[in-house]
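Computation of the quantities below employed the complete heavy-atom set of this structure, encompassing side-chain atoms and omitting hydrogens, waters and symmetry-equivalent molecules. Naming: A, B, ... by sequence-line order, numbering from 1 per chain.
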Amino acid sequence: MAAAEPPEQRAAAAAARFSDRDRDGGVVPVLPPPPCRQIRGQGLSCEYRLLFGPAEADGVLRRLEREVRYLPDERTKLHVFGKWHSIPRRQAVYGDPELRYTYSGVTFSPEPWIPVLDHIRERVASVTGHNFNFVLINRYKDGLDHIGEHRDDEKELVPRSPIASVSFGACRDFVFRHCESRGKNAKRHIEPVTLQLAHGSLLLMKYPTNVYWYHSLPVRKRVLSPRINLTFRKVMAIDK
DNA sequence: ATGCGGTCAAGTGA
DNA sequence: TTCACTTGACCGCA
C-alpha cells in the first residue's frame with residue numbers, strides 16, 4: 001500500500017478559479033484556494049481536499065441521516081455465484097428527474113433533489129467548476145459494510161466527465177488498484193494506492209482514472225460508526 | 001441470434 | 001484482522 005505523493009503544483013490554476021481581476025488587471029482573491037492534494041499514478045488522476053470544515057460537516061451529516069431516503073433492500077439484491085445477496089451497505093439515488101441510471105443490471109429513477117443535497121452539490125461546483133446532475137449515495141453503517149473492487153464506467157455517464165466523491169462520518173480506507181495488476185496472473189505489478197477519506201472530504205476522480213483503476217472500500221472491523229459517501233456524476237439524458 | 005467478457009459478495013485459509 | 005483467492009449465473013454487447 002503506497003500513499004500517493006502530494007505534488008504542490010497547480011497552485012496558480014487553483015488560485016485563478018478563486019480570484020477575479022480588478023480594474024487595473026490585478027488579481028483580487030475572492031475565496032482562499034482550499035488546499036488540494038494531487039493523487040497521481042499511471043492513468044490515475046485525482047484531487048483530494050476538505051470541502052467542509054468539521055463543524056459544518058457534522059451538520060451536513062446530521063441532515064443526511066435525517067433526510068436521505070434509501071432504496072429498500074429488496075431492490076438492491078445481487079445475484080453472485082448462484083446466490084442472492086443483500087448488498088453490504090444501503091443505497092440512494094437522487095438527480096434530475098428525466099435521468100435514468102443502471103447499476104448492476106437494475107435501472108433506477110432518481111428521487112428529486114432535496115436541500116441538503118443541493119447544498120453539497122453547489123459546494124462541489126464552486127470548488128471544482130463542474131456541475132453534476134446526479135448523485136449515488138452509499139451508506140456504510142460500520143466497518144463491516146463495504147464495496148468490492150469496481151470501476152465507475154457505466155455507459156450513461158458523460159464521456160470523460162469526472163466523478164466527485166464526498167464523504168461524511170467515519171474515515172475509511174479507499175483503495176485504488178490498476179486493472180493490470182489484479183489477481184493471480186497479473187500482467188504488471190503496480191502498487192495499490194490507498195487513501196483515507198475523511199469527514200467532509202472531496203475526492204475528484206478525473207479521466208482516465210476509471211478506465212484503468214478499480215476502487216474498493218474494504219472491511220475495517222475496528223470502524224464502529226457510519227460513513228455516508230455521495231458520488232456526484234454527469235449522466236446523459238438520452239435513454240430509450 | 002449467439003457467443004463472449006465482465007461482474008458481483010461470501011467463505012476459506014495464510 | 002487483513003488479504004488473496006475461489007466460487008457461476010446473468011446481462012449487455014458485438
Side-chain angles (χ1 to χ4, degrees), chain A residues 1-4 39 41-44 70-93 99-110 134-161 163 165 167 169-198 205 207-231 233-240:
Chain A
M1 287 186 258
I39 313 296
Q42 303 180 38
L44 178 67
Y70 292 90
L71 294 161
D73 183 63
E74 54 270 24
R75 283 207 60 200
T76 55
K77 290 204 165 176
L78 291 177
H79 197 230
V80 180
F81 279 91
K83 291 181 193 163
W84 286 95
H85 299 280
S86 294
I87 58 172
R89 60 191 172 275
R90 299 200 73 188
Q91 285 186 330
V93 174
L99 302 176
R100 297 293 177 272
Y101 192 72
T102 300
Y103 170 80
S104 220
V106 188
T107 299
F108 299 101
S109 295
F134 190 95
V135 64
L136 174 66
I137 304 177
N138 279 286
R139 183 181 187 276
Y140 305 88
K141 68 178 183 305
D142 57 31
L144 294 179
D145 273 1
H146 64 280
I147 190 166
E149 284 188 350
H150 68 286
R151 293 180 291 190
D152 290 325
D153 57 353
E154 292 81 5
K155 65 178 193 306
E156 56 264 68
L157 296 176
V158 172
R160 298 183 173 228
S161 61
I163 293 177
S165 168
S167 300
C171 184
R172 290 285 295 265
D173 285 349
F174 180 88
V175 182
F176 280 111
R177 300 182 72 172
H178 194 279
C179 60
E180 292 179 3
S181 73
R182 302 163 72 235
K184 211 178 164 177
N185 11 320
K187 296 191 185 99
R188 309 170 66 183
H189 295 285
I190 300 173
E191 281 296 298
V193 174
T194 299
L195 306 174
Q196 281 80 43
L197 301 184
M205 292 183 271
Y207 186 85
T209 300
N210 272 120
V211 177
Y212 299 108
W213 293 76
Y214 285 70
H215 57 266
S216 66
L217 194 82
V219 167
R220 287 292 178 264
K221 293 193 175 179
R222 285 164 294 199
V223 174
L224 304 176
S225 55
R227 167 178 184 262
I228 296 178
N229 177 70
L230 305 92
T231 48
R233 297 144 190 269
K234 299 191 192 198
V235 172
M236 294 185 290
I238 51 157
D239 234 348
K240 33 202 162 129

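Heavy atoms only, all atoms of each residue included: A:Val235 and A:Arg100 are closest at CG1-O, 3.7 Å. Nearest approach of A:Ser181 to A:Ile190, heavy atoms of both residues: OG-O, 3.3 Å.
Rounding to the nearest 0.5 angstrom, the gap separating the CG atom in A:Asp173 from the CD atom in A:Gln196 is 5.0 Å.
Atom P of nucleotide C:dA9 and atom CH2 of A:Trp84 are separated by 13 Å, given to the nearest angstrom. Rounded to a whole Å, the CZ atom of A:Arg172 is 14 Å from the P atom of C:dT1. Protein atom CZ of A:Arg177 is 12 Å distant from nucleotide atom C1' of C:dT2, rounded to whole Å.
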A correct 5'-to-3' footprint of nucleotides 6-14 of chain B, with B, S and - meaning base, sugar-phosphate only and no protein heavy atom under 4.0 Å, is -SBBS----

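Positionally, the nearest nucleotide of DNA chain C for A:Gly82 lies more toward the 5' end than for the other of A:Val106 and A:Gly82.
For A:Thr107 and A:Thr102, the side-chain atoms include at least one donor-acceptor pair closer than 3.5 Å. Side chains of A:Glu154 and A:Tyr101: a donor-acceptor N/O pair is present below 3.5 angstrom, by distance only. At a cut-off of 3.5 Å, with distance as the only test, a side-chain donor of A:Ser86 or A:Asp73 sits close to an acceptor on the other residue.
Using cut-offs of 30° and 60° on the angle between ring planes, the pair A:His178 and A:Tyr212 is parallel.
Looking at A:Arg89, its side chain does come within 3.5 Å of a backbone N or O of A:His146 through a donor-acceptor pair.
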Reading DNA chain C 5' to 3', what string of ( ), [ ], | and . shows its pairs, if Watson-Crick and G-U wobble pairs count only when both distances fall under 3.5 Å? .|||||||||||||

